[in-house]
Amino acid sequence: MSHVSVNTALVRSESPSVQRVMLQVLVALLPGIVALYWLTGPGVLLNVVFACFFAVILECMVLVVRKKSLHGEGTDLSIVVAASLLALSVPPTLPFMHLLFGVLVLVLLGKHVFGGLGQNPFNPAMVAYAALFISFPQSMTLWFNPTELTSVSLLDTLKFKTEVVGQTLSHYPAWDAITKATPLEHLRTLKLNQETISVELANHTVSQAPWIIVSACFFIGGVYLLWRKVIQWQIPVTVIASFAIVSLVWATFGTNSIPNIGYSLFSGALIFGAFFIATDPVTAASSTAGRIVYGTGIGLLAFIIRYFGGYPDGFAFAVLLMNLCVPTIDYAVLKLSQP
Amino acid sequence: MSTVKPQRSGLLLSAAVLTCTLLIITVHWFSEPTIIAAQQKQLNELLDNLLPAKSADNNFKDNVVLIESEALGTLDAQRVYRAELNGEPSGAIITAVSTMGYSGDITLLIGIEYNGTIHAVRVLSHSETPGLGDVIETQKSDWIFKFDQLPTAALTNTYWAVKKNGGEFDRITGATITSNAVIKAVERASSWYRLNRDNLHGKKSVKLNQTIL
Amino acid sequence: MSKLLKKIERVVFNRGNNEAPFKFHGGLELAPNKLGLDKSIQTIPLPNELVIPLLNYHKQLLEPVVSIGDHVQKGQWLAHNLPCPANGTVRCLEEREVMQAQPLLTQCIVIDVIVSSKTAIPSGTSPTNNCNTISGYNDNDNSTNNLWLETLQQHGLTGLGGAAFPTAAKLQTWVNANNANTKKAVNTSQLATLIINAAECEPSIACDEALMQAHADEIVKGIELLKNRVQCERCVIAIEDSKPRAIAKIKLALEKQLTTTKTDTPIELLTIPTRYPSGAESVLIKIVTGQSIPKSKLPIDFGVVCLNVGTAYAVWQSYQGEPLTSRIISLTGPAMPNPCNVRVSFGTSIEHVLKSTGNESALKNYTIRAGGPLTGFPVRNMQLPVSSKTNCISAHTSNASATVAQPCIRCNACVDVCPEYLLPQQLHWHISAANWQQSRAQNLFDCIECGCCDVVCPSNIELSNYFRYAKAQLLELDWQEEQAKIAQIRYENRNKRLERLKAEREKEIAFRKSKLATKPAQGENNIADAIARAKARQRNKKKS
Amino acid sequence: MENSTNSNKSLLIEGLWTQNPGLVKLLGLCPLLAVSNSAVNAIGLGIATLFTLLVSNTLVSVFRHHIHTAIRIPLYVLIIATTVTIVELLMRAWFPGMFAALGIFLPLIVTNCLIIGRAEAFASRQSVKQAFIDGLAMGLGFFAVLLILGSAREIIGQGSWLSNANLLFGDLASTWKIEFFDRSNGVLLALLPPGAFIGLGLMLAVKNAIDASLKTKRDTVELLNQRNNQQANT
């Protein structure tokens, strides 16, 4: 190595650091967490606390095994952010054992198998989400029914999240009443039964209201990140815009099996994902043009998977698929933009 | 090795082909009876589960008619195995298809007695979501046993649905579509049998080329 | 695609007149931190010894033309095109460390300075004579121009911006071209432009600003001279807007100049926004002309020549018969007791510079850096000699870049500030994996090592260090490849030669054999003849 | 090309570790990934492959002096196809359940590059004994990878080990099944195709890590030895 060194202290007043970036992301998540707590009960808090706790412990263990300094990677809060994102993506009813598996996948398969922070080609939280979704489809598509929520106490939730382990959910018929499928899962069920869904959709828009509030809270958090320049505008804007445009075109010229734009945008993980998942700098494209291509790709894939694919909400898969394309996008942009 | 002449190579190759063919023929010859017996045993195990023991004295596995009816899911010909006891019809095993599954068709075998009571239902093939819809397999859960001994003649139409939709069946958690698809297919096939049983048992049986289902 | 982008840029931000410069991608707004500008420029006294490295721009060793014990005069050559900074005696020729980021020992001439008033100019190569033959500004035929360039060369003129590229070499192709078209090797719509770089290369360095405040008239005269010699279509002096005093001085000098001479292409004064690294050559060209120069091309290919303002002054000095043997250096930094800008002879040690400016205490207590906060490097040996590249010496309380580097999270902050449209995080990735060729494919060699990426990196990664290292690795690899190729050619030639020799030898042998083959036949004949003759004789004898 | 310097031990080490067909040469991955969803399936395919490899290697080696280069590939394929067909027929007759579980992958052994690869690269140039041992080593290496992957996937995916052993080992074996936890809590991902890829990837990583650490150890020992020698010399 040469002996030139940039004396950064001479020229920068406030030193940017990874910790600070991550802390801002955590702050931006708060409104969304509060909204989810209001909508789905204490399960979401349990998820966040549990996931973060185990993720940090596991991360430290891995760092010790890999003979890395705990001060560098251990304290940069990136693992806390990733674990929180996973905890917010999964249902609040998810049994602890399943969440633990998700955290294991996140830290080991999502991150450290590739060499740790900054080396992973795929968004670790989404890798864990996909693994959970494929492995435990029953518990991953089940949410508390908001209308029954008043009867669910913290104790009940804890009981559900621990006792159900080792048993099939269908053995707990009592829980059947207070749990239900997510709105998008429900929509898909309707579509497959080939019933006319327009009436259902009209009713559903009303029952959608709480979900719109959750999405709006995540939106506020995303705007905060934009304001603090933690994320750039290209990815969230293009994700949402491309999804909205395709939905609009399809709703106008296509069949009536697609709900209106408002419903489309504010249901599922779209807003949350556009601001918090797709913008993960490690796995997103680098250049401005690259980020636009990347975001557009995610929006289109999310639309295709949601309305034509095998899963009710394909945001995680859309992100993972576009993660795969990132090196190609970066290279192509570089080649095209330079003389 | 290059000293070997081409003619010799040809001869060698022919000889090798001949030897190998003979070898395979020999093995085939002495293993064929066992293979057929094994296949028959497999089939019998499956079919015998679908009708009550000692309810048939004919070789109902060969007593097959091909039925083309929308009631059995598709317009393709479906097999119906007819059982008889003392010359009287005693029941049938119906192959039915449901096109309303979560992903792709579900093929069912429905064993039904002459009086309309379902003896058992089994899934032959499906491509439902692993972990959700695939619990219709007997290995994965005992949900499919809910059809056992169901007296269909005494049931009203509203019975045939999951509880959530006003029916009497427990649904498979997270797989309402799959449950409904199977329930509806069984309902249609059993009502079709009750309407057409006399006509069905009067038909001439067909000879099937394959014995495997 | 790139052309389209450029076109759009041209249409959307149509700048490039002298009112509003072009924008460049990336860069940083850094606090100027200029110190000591209130003091006038002092020339520091000559030290007892001067150390002059015998190394030219291309890192080739020069052959000294003086020997140990010789008396040398200021301006006299020590080696080809290397003027001596002061009168003195050549003490020795030895290996000394020179001021460079990577420690390097090289042959240096050490001179004992004799501080005495005028001594007679010794006979020998004395370049100062030539300039007398150059007459007025407008006398512009080729022979005068060549003479002028030769003088610049002999006066040891190099760029004073930091890279120390020989000035005459830079101007060579341009000066002798008669019309504007031949001045542009690449077919562009670009005007043949001479740019004077008065944007200080880095924050806290103030040598150019100090120079402009002190010598605005001479600078303008130097520019005027350059402009007339190279016959450009446009001549711009670009100054950052953070230097109002220097701008005022230059403006005044320009006005004065206009009253004395009449010209079609007046020198434009372009005030550019203060945004690091606007002082870098490629960036400044972009700001002034809108043209980006790829690394495979030289600015001159696009009809542009960029010279430092200090160089313009040196050109004027050279015209006055003064060789380039000293430069202005900023003494600055938070820990410098007496920050100022001083004129220092080349070859003076850092220790002497600091001692003679009342900054002796900085030597003991603090870290000393050569160069600015971004492209400079820490210096440990205080005996290192000042060269034309040294624009700044700064003192700091501690080395703040000692923070531990964390893994890259690809936040793209570096992409946003890179003036060369590079993807530093991607390069870092490839270099960490020792993927040298991949980093070359990602245009590593376009990197100007401005250090912007280091400043913004939240993980404290010293990115520009990685890039320097990778460049060195690649150059080494290229060199090895070249050597291998040369060896291959040598080997093939040797084989050919051996074959040829073998063929010749065989030919020779074959020839000899054929000769031998015919000889025995002759021999037999001879024998047979002899026998015949003998028999004949016997027969004759018998007969007789 | 005949050399008998390869000791039996080194051949076995090659097949099981240094040249392992599943982890180093990455041959025959299609059946390896598809069939390794349970330990019993893995054992079934492993045995079938091992048997085929043994027979084809031995036969190819026996006839190696009589086979002209032009017809060697058709002959190898003939030998392998015959062996596989016989294995298939025998399995259909006596292990019908196993045959049903393995499905298309049993006849597909014919196209397993491992077998024709060993025939071409090794058996056609070595003595019968060597070829036999190589077939055994390679077959066991493949078998081991299959078994480990199959066991891991079965345990993680459905919480049991050696389920359905009766398909292969007769009705007595139906009690062999070891249950770790309830099937409904299994990680389904492990049973599905992506689980096979992830599992194999992790096995590769572990093997490379072991090799790397062994190499460092060996290098350190060598370095120490060198130093000792130098000190001894001085």
Side-chain angles (χ1 to χ4, degrees), chain B residues 1-46 124-125 127-135 137-143 172-174 211-213, chain D residues 1-2 37-38 55-56 59-60 62-101 124-125 157-158 160 163-164 167 182-195:
Chain B
M1 273 185 261
S2 53
T3 51
V4 183
K5 285 178 189 165
Q7 292 92 326
R8 230 189 109 188
S9 291
L11 278 177
L12 185 72
L13 199 56
S14 317
V17 170
L18 203 66
T19 320
C20 289
T21 318
L22 281 175
L23 203 61
I24 291 174
I25 288 172
T26 318
V27 174
H28 186 251
W29 172 74
F30 78 79
S31 65
E32 195 180 15
T34 328
I35 291 174
I36 291 172
Q39 281 177 348
Q40 209 59 48
K41 199 178 151 215
Q42 260 183 315
L43 183 70
N44 289 353
E45 273 170 10
L46 187 59
L124 259 188
S125 72
S127 47
E128 297 301 285
T129 320
L132 288 175
D134 71 346
V135 293
E137 292 173 27
T138 50
Q139 293 172 324
K140 307 246 163 102
S141 99
D142 49 9
W143 183 82
I172 304 167
T173 315
T211 44
I212 308 169
L213 287 162
Chain D
M1 276 301 287
E2 290 220 8
N37 52 2
S38 79
V55 172
S56 75
L59 284 181
V60 166
V62 165
F63 293 113
R64 69 186 184 282
H65 294 301
H66 310 284
I67 299 173
H68 190 256
T69 355
I71 59 158
R72 73 190 196 287
I73 298 288
L75 257 180
Y76 298 162
V77 173
L78 191 68
I79 290 170
I80 296 164
T82 309
T83 321
V84 171
T85 313
I86 289 169
V87 169
E88 191 191 333
L89 285 172
L90 296 179
M91 258 202 174
R92 263 170 96 167
W94 282 280
F95 306 101
M98 196 68 235
F99 176 76
S124 64
R125 296 160 186 189
Q158 56 186 52
S160 62
S163 62
N164 294 331
L167 293 182
D182 188 81
R183 188 188 177 100
S184 63
N185 274 317
V187 178
L188 212 55
L189 180 69
L191 288 184
L192 296 173

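Throughout, a chain's letter reflects where its sequence line sits, starting with A, and its residues are numbered from 1.
- Looking at D/Leu89, both its backbone and its side chain come within 4.5 Å of chain B, counting heavy atoms on both sides.
- Residue contact with chain D, scored on non-hydrogen atoms closer than 4.5 Å, involves the backbone and the side chain of B/Ile24 alike.
- Here B/Cys20 contributes atom SG and D/Ile86 contributes atom CD1; the two are 8.0 Å apart, rounded to the nearest 0.5 Å.
- With sequence neighbours left out, the side chain to side chain contact (heavy atoms under 4.5 Å, CB included) criterion links B/Ser125 to B/Thr107.
- Of the two parts of D/Leu90, only the side chain, counted from C-beta on, holds a non-hydrogen atom closer than 4.5 Å to a non-hydrogen atom of chain B.
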Can you list, pair by pair, the side-chain donor-acceptor contacts under 3.5 Å of residues 72-79 of chain D, counting residues two or more places apart and other chains?
unit_1  : atom_1 : unit_2   : atom_2 : d
D/Arg72 : NE     : D/Glu120 : OE1    : 2.9
D/Arg72 : NE     : D/Glu120 : OE2    : 3.2
D/Arg72 : NH1    : D/Thr69  : O      : 3.0
D/Arg72 : NH2    : D/Glu120 : OE2    : 2.8

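- We find the CG-OG1 distance between B/Leu23 and D/Thr82 to be 7.0 Å, quoted to the nearest 0.5 Å.
- The nearest pair of heavy atoms linking B/Ser31 to D/Ala93 is O-CB, 3.9 Å.
- Distance CD1/B/Ile36 to CZ/D/Arg92: 9.5 Å, rounded to 0.5 Å.
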